[in-house]
Amino acid sequence: MSSGDERDGGRGEGAPPEQLALIRESVRKAGVPRAKPRTWRGAALAKELPVARVLVDKGVLHLDRYFDYAVPEELDAEAQPGVRVRVRFGAGRGRVRDGRREGGGLIDGFLVERVAETDYSGPLAALAQVVSPEPVLSEELLGLARAVADRYAGSLADVLQLAVPPRSARAEQRPSPAPLPPPAAPEVGSWARYEHGGAFLEALAGGGVPRAVWNALPGSEWSEEIARAVGAALASGRGALVVVPDGRAVARVDAALTALLGEGRHAVLTADAGPEKRYREWLAVRRGAVRAVVGTRAAMFAPVRDLGLVVLWDDGDDSHSEPHAPQPHAREVLLLRAAQDKCGFLLGSWSCTVEAAQLVESGWARPLVASREQVRGAAPLVRTVGDGDLARDEAARAARLPTLAWQAVRDGLRQGPVLVQVPRRGYVPRMACANCRAPARCRNCSGPLEGQEAGAGGGFEGALRCGWCGQEEGAWHCAECGGFRLRAQVVGARRTAEELGRAFPAVPVRTSGREHVLDTVPGAPALVVSTPGAEPVAEGGYAAALLLDGWAMLGRPDLRAGEDALRRWIAAAALVRPQVAGGTVVVVAEPTLRPVQALVRWDPVGHAVRELSERAELGFPPVSRMAAVSGPPEGVAAFLGAVELPGEAEVLGPVPLPVTAVRGARRVGAPPVGERWERALIRVPPGRGAALAAALKAAQAARMARGGAGGEVAVRVRVDPPDIG
DNA sequence: AGCACGCCGACT
DNA sequence: GTCGGCGTGCTC
């Protein structure tokens, strides 16, 4: 028998395939019972539920559905839902040899379901192998992965690659420890500092599902507070999951959990643990041996049993954004999880993102905040130095450091360590007149002129280029004072830090940055120079902090520039002693700017609420939902022509993407160097995000299926693009 | 993606 | 007759 005959007899008689598909469809609709599986001759099948629905592990969108395979009798026992399998999957009809079908290669997949019948009209291939009997893909995890794939217009297989760690046979063989009985509900502890803090814990311990956006008071108790929330969820007999931005934060929560609950109640899931250890911990969670998890973003999918609480710390940190397709954000994944598992939700930060504010504004989550008196008692004094002050400040011109900042550092060093926050290297330096500090602007479009990375000596190298229109500037001179010397603000800040070190020779200088991140520093006087996000915790808190990266942070043409600046400032300032204990923060930035004012008043929530209402007015995310389509101009145009968008959708652009030829600033999804790409944004009103994602996915699938053959030029689709100018 | 099927022109 | 180039469509 020829396989061609079996597949679809009659193809040769001239009916076009789409017509055949229609006939098949109508036959199925007419109620013809699903077929008993037909297989290639020779295979003895499982007696019960002989069909396995398999998700093949290929991220391609047009394969984003289940394929039916026959379950051979000898695999019957092991071929349970959730196990990893290998199947033959390949093109064409394959060949039949020895009664077995050969053809495509063996590929990995997950067995999703066992059913009695198939609705596939052809003969089924048999499962080639059950990789291991460990059911790694539970119904809950599958549901979550599906929801994430739908939310982000991505494929299920891509999401599962993020959600299920690679197998390690050795890890599987080891038995997981026996689960401990639920602990007693923890004391309220420092949650008492927050209005409704006690009630939140009580609700969790009592089996409730409270949802809160928590604005944490400055200081280092946040990890302990998270541990108490986890303890409360465990006390109710449920599990808990904590996702934090980086390994340092994991270590803190890990320590707090151990201190509160002892050993053995929680697992730590981080990428840098090594594959075997990571899988072992993951398995302990899946098997229910451990009921609580703390980890970095990959842990957002951790298969915690009977989830009672999900916690996310500092959702504004961009490491919560997964770089792999379909690039889901931990906050959104945990929101989907909370909805799906009907569990408690805690989103905590020293600052507040617009998205967090929206959760409160919409009524989905309650605010968990401290009173103004509590805030005043915990926050340091914040003072500003703006351009006007600098211009008036003779000493600042000479010493390149405002008098106020100088005094704060000097006074602080008498009491303890002083933190100096400088911009990260690799930021595109903003250029300003070295003489009068006026920003250097493009003569074509008034955009900001940017330089290449400055050399170690602090000098400025390479061509100037406009950050907006990309035009090069060869012969700049200052429109304000006629000066022709430029300085990069980044360089200015670094040099200032160096000069501070020389000015206080008796004091040790310690640095913390990308290469070398310090975890803590002692409480003795020291200058601690750090880039944003790498600030060590000081024992007893810093006496003072100097925030020198105002221009670099606020100058970026990004929707989030203000929120981001405030978040980084607050994260540094939260490590400083309270004002009542002499803690002082000096920020070198214009005091009239909104994020600067929010820092002075220590009101990140108010800032986020105002940003949110502005975004709503302008139709920006997260109020509207957006997706970006980028690629070569022909590809973007073809995609926009083919996609069937929901009626309310609005297409912005396409516009040329800036040719980001800046070294070190490479981003996922950026065009290859030298290629001219365009990007269109698609916007839909609130509530239409799912429809938009579905439309994008369908269009992308159709194009991928045609592949290179149809001459389709590939485009990238990204839901929630992070960098909307 | 990969790969087999099949239609059509060229060669034994 | 039959070999193989490439255009098309499918993968249980």
Side-chain angles (χ1 to χ4, degrees), chain A residues 1-25 27-28 34-43 45-46 49-72 75 79 81 83-97 99-130 154-158 161 325 631 635 698 700-716:
Chain A
M1 116 179 67
S2 108
S3 51
D5 295 337
E6 278 224 31
R7 177 160 311 268
D8 50 21
R11 152 93 58 94
E13 284 160 37
E18 57 273 22
Q19 201 172 318
L20 282 167
L22 279 174
I23 293 166
R24 263 210 297 271
E25 198 60 34
V27 164
R28 205 174 296 159
R34 286 172 159 195
K36 277 267 186 284
R38 286 184 300 145
T39 48
W40 302 96
R41 112 185 96 90
L45 297 189
L49 307 178
V51 177
R53 317 211 74 191
V54 172
L55 180 84
V56 297
D57 196 9
K58 278 201 159 191
V60 222
L61 279 171
H62 55 281
L63 296 180
D64 200 17
R65 57 207 166 96
Y66 301 140
F67 290 87
D68 288 355
Y69 283 83
V71 182
L75 295 182
V83 300
R84 301 180 209 252
V85 293
R86 310 202 81 196
V87 293
R88 291 220 173 266
F89 189 84
R93 281 123 225 231
R95 270 181 286 267
V96 181
R97 212 182 296 159
R100 301 248 166 202
R101 183 168 169 272
E102 311 248 323
L106 281 175
I107 77 166
D108 292 318
F110 296 98
L111 198 165
V112 165
E113 195 185 359
R114 288 277 298 266
V115 291
E117 301 172 326
T118 178
D119 50 9
Y120 180 62
S121 56
L124 299 185
L127 292 179
Q129 188 193 345
V130 171
S155 75
L156 188 54
D158 276 348
Q161 204 143 43
Q700 191 71 316
R703 292 165 54 79
M704 300 292 275
R706 280 194 287 279
E712 307 280 6
V713 180
V715 295
R716 289 172 208 267

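Atom set for the values below is all heavy atoms of this structure, side chains included, hydrogens, waters and symmetry mates excluded. Each chain gets a letter, A, B and so on, in the order the sequences are listed, and its residues count up from 1.
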**Request:** Assess whether side chain to side chain contact (heavy atoms under 4.5 Å, CB included) is satisfied between A:Q700 and A:V715, documenting all intermediate values.
**Result:** CA-CA 8 Å; A:Q700 191 71 316; A:V715 295; 3.9 Å; yes
Using whole Å, report how far [atom1] of [X] lies from [atom2] of [N].
| X | N | atom1 | atom2 | answer |
| --- | --- | --- | --- | --- |
| A:L106 | B:dA1 | CG | P | 22 Å |
| A:F89 | B:dA4 | CZ | C1' | 14 Å |
| A:I107 | C:dT11 | CD1 | P | 14 Å |
| A:D158 | B:dA1 | CG | P | 14 Å |
| A:Y69 | C:dC12 | OH | C1' | 5 Å |
| A:R88 | C:dT11 | CZ | P | 17 Å |

**Prompt:** Sub-3.5 Å donor-acceptor pair from the side chain of A:Y69 to the main-chain atoms of A:R88, do we have one?
**Reply:**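 Yes.
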**Prompt:** How many angstroms lie between CG in A:L156 and CD in A:Q161, if you round to the nearest 0.5 Å?
**Reply:**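 CD of A:Q161 is found 11.5 Å from CG of A:L156.
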**Request:** Flag as yes if A:Y120 stacks onto the base of C:dC12 (centroids under 5.5 Å, planes under 30°), otherwise no.
**Result:**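 Base of C:dC12: stacked against A:Y120.
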**Item:** Worked check of side chain to side chain contact (heavy atoms under 4.5 Å, CB included) between A:V54 and A:L127
**Value:** CA-CA 9 Å; A:V54 172; A:L127 292 179; 3.8 Å; yes
